[in-house]
2 protein chains.
Amino acid sequence: MPRLETTLAEIRAHGGRVTPARRAVLAAILDAGEHHFTAADVLAAVDQAEPQPDRATVYRTLELLTEIGLLKPLPLNGEAIVYHRTDHRHGHVVCRVCGAITEVPEQALIDFASTLQQETHFTIDADCVAVSGTCEPCAAAMTHA
Amino acid sequence: MPRLETTLAEIRAHGGRVTPARRAVLAAILDAGEHHFTAADVLAAVDQAEPQPDRATVYRTLELLTEIGLLKPLPLNGEAIVYHRTDHRHGHVVCRVCGAITEVPEQALIDFASTLQQETHFTIDADCVAVSGTCEPCAAAMTHA
DNA sequence: CTTTTTGCAAAGCTTTTGCACCACA
DNA sequence: TGTGGTGCAAAAGCTTTGCAAAAAG
């Protein structure tokens, strides 16, 4: 999802229309610079847009972007769905204590996916892998406790 | 979580009390033989218990068992929380199409965890890893479609 | 007896849906 | 002009919470 106009073109290419609401949602996602976010993040961001898109529209737009393949929901167990921009390919390690998300080195992911493919016959979506763990600061905090 | 009585003893050891509701929930979990289940599964199972524990009690008991360390919620993005019995150590691969859960070979998991530890300084909870993929039957179905 | 646990009912949260109106292409 | 999108409001689904009554140790 490199630039706003490019993405809007992709929406058109998929038979979708370009509307102010969709511009606002895309702008919010692109401006944030973050590669991970929740619907709530987007809702907060478009809160300042004019005209302000409705909650339902934001959800529907996220769904659209997911269908088109520009976003993917991460398999996490939080209270909300975390989306991930697919223009940044990598796995994720999420700290179960503080929620920090760190990227998994590409090679480690490829090796793991390949092993799993051989041993379980599952095709891993390397771009959508998330594992839970404890980040260094939180691990240290737990030791001192 | 090997046997009912052993587990009840653990609850006592943690300062908890043994009640009919907790017996019922534990029995449901142990009898199912399944290592993965949702609150809904447990609710359905205890539905036949007498006296029948309340929904809230079931949720509170699952929370208790999680605190004690006998259960862990898996990081998945389903509509409901999937719990995993910690007496079976393994990772999970979940098919994003049909939801099937397959176990990850221990060694592959250890290798991956060790790589991540070195490269990201995250400590992976190997017992609580879940990755998304597509199982062989579903992958085949998609190809034919 | 004291403290924990339960049941009941209601609320909380994120996300989804139905429907009439509006607007992009 | 016609299909697709939007806003509004209400519902759905899972989970949590407050509180008084009941029970475990």
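In what follows, chains carry the letters A, B, and so on, assigned in the order in which the sequence lines appear, proteins first and then strands, with residues in each chain numbered from 1. Remember, it's a predicted structure, so these values are computed and weren't measured experimentally.
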*Return the value, rounded to whole Å, for the distance between atom CG of A/L62 and atom P of C/dT15.*
9 Å
*Measure the spacing between OG1 of B/T61 and CG of B/D54 and express it to the nearest 0.5 Å.*
10.5 Å
_Sugar-phosphate, base or nothing in reach of A/G15, heavy atoms under 4.0 Å_ = nothing
*Mind checking the CD1-OG spacing from A/I124 to B/S132? Nearest 0.5 Å is all I need.*
8.0 Å
*Phosphate contact (D/dT16 OP1 or OP2) by B/Y59 side-chain N/O below 4.0 Å*: no
*asked:* Mind checking if A/A56 touches a base, just sugar-phosphate, or nothing, with heavy atoms under 4.0 Å?
replied: base
*asked:* Contact between A/H121 and A/L116 at the side-chain level, heavy atoms closer than 4.5 Å - yes or no?
replied: no
_Please confirm whether the shortest side-chain N or O distance from B/R22 to OP1 or OP2 of C/dT5 is below 4.0 Å._
yes
*For A/R60 and D/dC8, what is the distance between atoms CZ and P respectively, to the nearest whole Å?*
12 Å
*Nucleotide D/dT16, atom P - distance to CD of A/E79 in whole Å*: 10 Å
*Specify the residue among A/Q52 and A/R17 whose closest nucleotide of DNA chain D lies further upstream toward the 5′ end.*
A/R17
*asked:* Is it the case that the side chains of B/H92 and B/H36 hold a donor-acceptor pair, with the cut-off being a distance below 3.5 Å and no angle test?
replied: yes
*Between atom CD1 in B/I81 and atom P in C/dC13, what is the gap in whole Å?*
16 Å
*Would you kindly compare B/R55 and B/P20 by the position of their nearest DNA chain C nucleotide and give the one closer to the 5′ end?*
B/P20
*What does B/A40 touch in the nucleic acid at a heavy-atom separation under 4.0 angstrom: a base, only the sugar-phosphate, or nothing?*
nothing
*Could you give the CZ-to-C1' distance, from A/R12 to D/dT3, as a whole number of Å?*
17 Å
_B/Q52 CD to B/L43 CG distance, which is reported to the nearest 0.5 Å_ = 9.0 Å
*Can you tell me the distance, in whole Å, between the CG atom of B/D54 and the C1' atom of D/dA20?*
14 Å
*Whole Å only: how far is the CG atom of B/L43 from the C1' atom of D/dG13?*
13 Å
*Look at A/T19 and D/dT6 and indicate whether a side-chain polar atom (N or O) is within less than 4.0 Å of OP1 or OP2.*
yes
_Separation of atom CZ in A/R23 from atom P in C/dA25, rounded to whole Å_ = 9 Å
